[in-house]
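Read through the structure below, which is laid out as structure tokens, and then see the notes.
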Amino acid sequence: MTVPLLKIGAVLSTMAMVTNWMSQTLPSLVGLNGTRGGTSEKITLFPSPEDGWQIYTSAQAPDGKCICTVVAPAQTTCSRDPRSRQLRQLMEKVQNISQSMEVLDLRTFRDLQYVRNTETLMKVLDTKLRATDSQRSSNAKSFQELKDKMKQLLPLIPVLDQYKSDTKMIVQLKEEVRNLSNVLLLIQEEMGAYDYEELQQRVMILEARLHACMQKLGCGKLTGVSNPITIRASGSRFGSWMTDTMAPSADNRVWYMDGYYKGRRVLEYRSLNDFIKGQNFVQHLLPHPWAGTGHVVYNGSLYYNKYQSNIVVKYHFRSRSVSVQRSLNNAGYNNTFPYSWGGFSDIDFMVDENGLWAVYTTNQNAGNIVVSKIDPITLEILQTWDTGYPKRSAGESFMICGTLYVTNSHLAGAKIYFAYYTNSSTYEYTDIPFHNQYSHISMLDYNPRERVLYTWNNGHQVLYNVTLFHVIKTSGE
């Protein structure tokens with residue numbers, strides 16, 4: 001019989017190293033309200049909201065699951081503390097030890113059962129030999145041989161006792177390693193002990209999953225609007241701000257146009273964060289002044305209504321020139337058919353999942369809202385719908401998935417009151433609450449890329465999340 005020898009020296013050595021490291025490191029990990037190095041410096045994992053994970057938009061699937069988009073921490077917040085690398089190495093060693101001990105424990109458990117059975121048989125056999133030793137056997141020679149073999153096995157009994165003792169030590173060590181792993185995990189969570197490369201890989205995987213999930217979300221019916229999220233307070237009472245709905249996810253530029261008539265200055269901010277801080281922007285000077293606030297940026301170009309005319313203009317930012325301009329036939333202008341707040345808001349451009357739209361009114365339609373699908377290259381009208389809703393009774397409007405949603409006022413107490421479905425040329429009256437925090441909305445547009453509403457509310461730039469009833473597309477469809 002072979003008795004396995006248990007070598008636990010390496011385990012004890014590694015555990016001693018871990019204990020020594022913890023004794024040196026733990027004093028500096030007192031916690032959020034602790035001190036470091038005898039000073040009163042507070043340890044803060046995320047010093048400011050910009051450094052932590054942020055959820056900036058959400059949607060809801062029919063099964064109730066929340067679909068979210070997140071902003072990962074900035075790269076500068078990733079710690080390269082050498083203790084982080086050391087902790088990870090110790091974690092790996094402890095995990096390896098734990099796995100090895102699990103394998104050893106399974107193996108020795110089977111051996112221990114055999115050892116216990118063998119020990120019992122040896123003791124029984126020894127008892128019987130002692131009992132029959134006083135009796136004279138007829139076969140003295142065979143008896144003597146058996147007795148000699150038994151004497152050779154007797155030294156194994158203390159070895160078996162030591163084996164059982166070592167087995168108990170393995171069980172104790174396994175429990176200690178498990179406890180130590182839990183302690184190291186807590187330390188790792190508190191230190192944020194991940195290298196930047198590892199964190200970046202996790203972020204990339206998360207982004208890929210989020211984008212794949214968003215791609216499965218089809219168009220839906222508006223069922224709710226969130227409370228307002230104020231991004232910035234700047235400019236006059238009227239204006240517009242927007243992002244490019246066709247830009248890739250990495251392009252977060254913001255365009256800002258203060259005022260509702262005769263304006264020509266467009267500010268382009270490098271990112272939303274720069275817009276919030278009012279820094280890092282370039283200026284575009286339009287060749288023709290604008291009217292109203294119904295402008296949109298779509299695929300690198302600005303679409304707007306030329307002042308004191310029903311001419312619509314496409315201005316290309318990169319070339320800083322007008323690509324095309326065209327008269328919107330019979331469309332009212334110069335406060336002929338504005339929204340209820342006035343402001344030369346006769347012509348309102350919009351973008352949704354289906355492309356570029358224009359909302360306006362003509363004399364032939366008796367002042368009712370007209371919706372036209374626009375070719376973004378030529379500015380030609382592709383198709384037109386008469387909604388039957390008087391434009392002067394509308395506070396603002398926006399398109400989502402081919403449906404025009406209209407608010408009943410631009411003042412406090414407004415709600416989304418009317419919906420016109422271009423896919424079926426039908427309408428319905430709705431009752432969707434809409435919190436008008438600053439009491440005077442002069443611009444309201446939907447962004448299909450981010451699935452939020454952009455508003456200009458009495459000198460405040462505000463966002464609203466929307467809740468849509470989605471139809472989830474499957475891979476077979």
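Sequence positions, counted from 1, serve as the residue numbers for this chain. Only heavy atoms go into these numbers, but all of them, side chains included; no hydrogens, no water, no symmetry mates. Keep in mind that this is a model prediction, so the values were computed, not measured.
- Between the side chains of Ser236 and Asp258, a donor-acceptor pair is found at a separation under 3.5 Å.
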Using residues 281-289 as the side-chain source, report each donor-acceptor pair under 3.5 Å to any protein atom, sequence neighbours left out, with the distance given to one decimal.
unit_1	atom_1	unit_2	atom_2	d
Gln283	OE1	Arg265	NH1	3.2
His284	ND1	Arg320	NH1	3.3
His284	NE2	Glu268	OE1	2.7

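- Using a 4.5 Å heavy-atom threshold, the side chains of Pro448 and Val351 count as touching.
- Of the N and O atoms on the side chains of Gln279 and Asp274, at least one donor lies less than 3.5 Å from an acceptor on the other residue.
- A distance of 7.0 Å separates OH of Tyr405 from NZ of Lys221, quoted to the nearest 0.5 Å.
- The aromatic rings of Phe317 and Tyr315 sit perpendicular, their planes meeting at an angle over 60°, well past the 30° parallel limit.
- Side chains of Ser271 and Asn252: a donor-acceptor N/O pair is absent below 3.5 angstrom, by distance only.
- A ring-centre distance under 6.0 Å is found for Tyr429 and Tyr417.
- Contact check for Ser409 versus Thr407: no side-chain heavy atoms found under the 4.5 Å cut-off.
- In the model, His316 has no side-chain atom that pairs as donor or acceptor with a side-chain atom of Ser321 under 3.5 Å.
- Remark: the Ser439 side chain and the Asn458 side chain contain no N/O donor-acceptor pair separated by less than 3.5 Å.
- For Phe275, the ring-ring contact (aromatic ring centres under 6.0 Å, His included) partners two or more places apart in sequence, or in a different chain, are Trp241, Tyr256, Tyr269.
- Relative orientation of the Tyr260 and Phe238 rings is perpendicular, given thresholds of 30° and 60° on the angle between their planes.
- For the pair Lys373 and Trp357, the distance from NZ or CZ to the six-membered ring centre is under 6.0 Å and the angle to the ring normal is within 45 degrees.
- Taking the charged nitrogens against the carboxylate oxygens, Asp244 and Arg253 have no contact shorter than 4.0 Å, which rules out a salt bridge.
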Go through the steps to decide whether Thr403 and Phe398 satisfy the test side chain to side chain contact (heavy atoms under 4.5 Å, CB included), and finish with yes or no.
CA-CA 8 Å; Thr403 300; Phe398 55 92; over 6 Å; no
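- The side-chain hydrogen bond (donor to acceptor under 3.5 Å, both in side chains) search around Arg392 returns none, not counting sequence neighbours.
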